2 protein chains.
Amino acid sequence: MRADTPIYLQVADDLARDIAHAEAGTALPSETELARERGVHRQTARAALEELERRYLVRREQGRRSLVARRLDYRIGPDTPPSWTETIRRAGATPTLRTESLGPRKPPSWVRERLAVGNDAMLLLLKRLRYVDGELAGCSDSWIVDELVRGLHQRLGDGGSLHLTFANYGLTPVRSWTRAEFVFATPGIARRLAVSGRPMVLQLNGQTDSARHRRPIELTTSWLRSDFFRVIYETTGDER
Amino acid sequence: MRADTPIYLQVADDLARDIAHAEAGTALPSETELARERGVHRQTARAALEELERRYLVRREQGRRSLVARRLDYRIGPDTPPSWTETIRRAGATPTLRTESLGPRKPPSWVRERLAVGNDAMLLLLKRLRYVDGELAGCSDSWIVDELVRGLHQRLGDGGSLHLTFANYGLTPVRSWTRAEFVFATPGIARRLAVSGRPMVLQLNGQTDSARHRRPIELTTSWLRSDFFRVIYETTGDER
DNA sequence: ATGAAAAAGTCGTCTAGACAAGTTTTGTGC
DNA sequence: GCACAAAACTTGTCTAGACGACTTTTTCAT
């Protein structure tokens, strides 16, 4: 039963067991060391470490050794708070935001439909990077109906929460639509996330309405690196 | 901008574009052919095809060429029907079940807690394989409180739906807890699913209560091959 | 025609070696 | 001690070739 498992998987499974209770950030043996320890070729040892990277158990970076990964629980469900900032805080980490760009732009058709605006309407496009404890963990595009939030540029600042800023305008934001799906990073998203390859990311779509005006305020798509988050969907007490 | 992308990724991205609208089951060039076409080594062409397999765009099997994959939408959310059979039907495919084993067994502690049974209680453990249009797509373990459903063995048959059978006993099953999470297949799960390696699977946990008795009937954990399903979580009109 | 055996095609895995590019460590001059 | 350059280490990618195992096709005897 051991013989029919490829060597690189045996090595990977062994390492996985070894680091199961290791602290995040602990260094693993280098490819060369691992190859010597197990008496295999470097490419075989390398395949084992790549397997652990695919399982999100280790983080790899060129020139550095593999490190034991840290993963946050990202909980989604009926009680999910509409704000990403809030979700990360609940998971016990510190969220930060950085604006990449903010300006008027012509929205694509699916955004126009969702936000119920005309064919040649212009909307604010806010592109941001999302950090967890200082590490780049995701990015997002927000399409904003700017006539409800004139002068957003000043009030939002660089790292401000969009939902808190809406509250400053006297708006009561409510999340009216949520969608979560795993997709593979496009070349553009991979570049923004500064990752190589085309890794899996959690794509979150959320629409926020103004309770008072009874109309949509914004539509945000976020892409979160799935090596940072373990996504759990949970409901309890569903009555049907 | 093209030069700094590794060749295997260029080939993979090109192929992904080519097969984007291809019919499921269409054959791709073999590793050797692809290597000759693109003037690269077989290992490089192979890396490209492996990349597409990781993205669930193609299905690979030893001895056969890579085939364009078919993927179903598996929708979860507040309106998710409690029955897997029903979920697959809604996605436009035919679900089948096959019993691997059914018998009394001592449940682990987390099951005892969830089902609120004593420390030395015995429960029925039902292990099943789940097929979609005849292809093995998942497996499941169900822990059943058998005093509510005496003689389940006969009434369930081989491919019967658990929820429909409960209805036969005059029970009104309601889903009281749902949890979905991506995990990597353990060696045991990989064997049951007849897949090589340790692929990602969607792990679904569901608890069913009897509306009349106001107590749990069963607890099911399913593991679904994620190359079969694209999981989408969606809510609309969340009022909060 | 049919069925079994042989051949060809194909994928899975492993070893071997090379070079590029990134990071860490070491050494040197000041 | 400090800054900077060089060396050592480490990972990313690619080529080359081999063998085993599985699948499909062809061949051949009946």
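Values in this document were obtained by computation on a predicted structure and should not be read as measured data. Note: hydrogens, waters and symmetry copies are ignored here, and every other heavy atom, side chains too, is used. So you know, we letter chains A, B, ... as the sequences are listed, proteins then strands, and number each from 1.
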Rounded to whole angstrom units, what separation is found between the [atom1] atom of [X] and the [atom2] atom of [N]?
X: A:Tyr8; N: C:dT15; atom1: OH; atom2: P; result: 13 Å
X: B:Arg65; N: D:dT23; atom1: CZ; atom2: P; result: 16 Å
X: A:Arg59; N: C:dT23; atom1: CZ; atom2: P; result: 15 Å
X: B:Leu67; N: C:dT10; atom1: CG; atom2: P; result: 13 Å
X: A:Gln43; N: D:dC14; atom1: CD; atom2: P; result: 12 Å
X: B:His41; N: C:dG17; atom1: NE2; atom2: P; result: 15 Å

Answer yes or no: is there a donor N or O on one side and an acceptor on the other, between the side chain of [X] and the main chain of [Y], under 3.5 Å?
X: B:Tyr233; Y: A:Gly77; value: yes
X: B:Thr44; Y: B:Val40; value: no
X: B:Arg192; Y: B:Ser140; value: yes
X: A:Asp133; Y: A:Thr94; value: yes
X: B:Arg71; Y: B:Phe229; value: yes
X: A:Ser226; Y: A:Met200; value: yes

Original post:
Can you tell if the side chain of B:Ile19 reaches within under 4.5 Å of the side chain of B:Leu28, non-hydrogen atoms only?
Top reply: yes
**OP:** Mind running side-chain hydrogen bond (donor to acceptor under 3.5 Å, both in side chains) on B:Thr5 and B:Gln10 for me, showing each step along the way?
**Re:** CA-CA 7 Å; B:Thr5 305; B:Gln10 295 182 25; 5.2 Å; no
N-O pairing of [X] and [Y] below 4.0 Å:
X: B:Arg36; Y: B:Glu33; answer: no
X: A:Arg65; Y: A:Glu31; answer: no
X: A:Arg198; Y: B:Glu51; answer: no
X: B:Asp13; Y: B:Arg55; answer: yes

Taking only nitrogen or oxygen atoms into account, show me every contact under 3.5 Å that the protein makes with nucleotides 4-8 of chain C, one pair per line with its distance.
none

Could you write out each protein N or O paired with an N or O of nucleotides 19-22 of chain C at a distance under 3.5 Å?
residue : atom : partner : partner atom : Å
C:dA21  : N3   : A:Gln62 : NE2          : 3.0

Subject >> Rounded to 10 degrees, the angle between the two terminal axes of the helix from C:dA1-D:dT30 to C:dC30-D:dG1, each from five pairs >> reply: 10°
Original post:
Does NZ or CZ of B:Arg59 lie under 6.0 Å from the centre of the six-membered ring of B:Phe228, at an angle within 45° of the ring axis?
Top reply: yes
Subject >> Side-chain H-bond candidate by donor/acceptor type, A:Ser142 with A:Thr220, under 3.5 Å >> reply: yes
Original post:
Are a donor atom and an acceptor atom from the side chains of A:Arg175 and A:Gln207 found within less than 3.5 Å of each other?
Top reply: no
Subject >> Pairing residues for A:Arg130 by the salt bridge (charged side-chain N to carboxylate O under 4.0 Å, His left out) criterion, not counting sequence neighbours >> reply: none
Original post:
Does B:Ser196 make a side-chain N or O approach to OP1 or OP2 of C:dG12 shorter than 4.0 Å?
Top reply: no
Original post:
Of the residues in residues 25-37 of chain A, which ones touch DNA chain D at a heavy-atom distance under 4.0 Å?
Top reply: A:Ser30, A:Glu31
Original post:
NA contact type, A:Arg60, heavy-atom cut-off 4.0 Å: base, sugar-phosphate, or nothing?
Top reply: sugar-phosphate
**OP:** Tell me which residues in residues 47-57 of chain A put a heavy atom below 4.0 Å from DNA chain C, sorted by number, or none.
**Re:** none
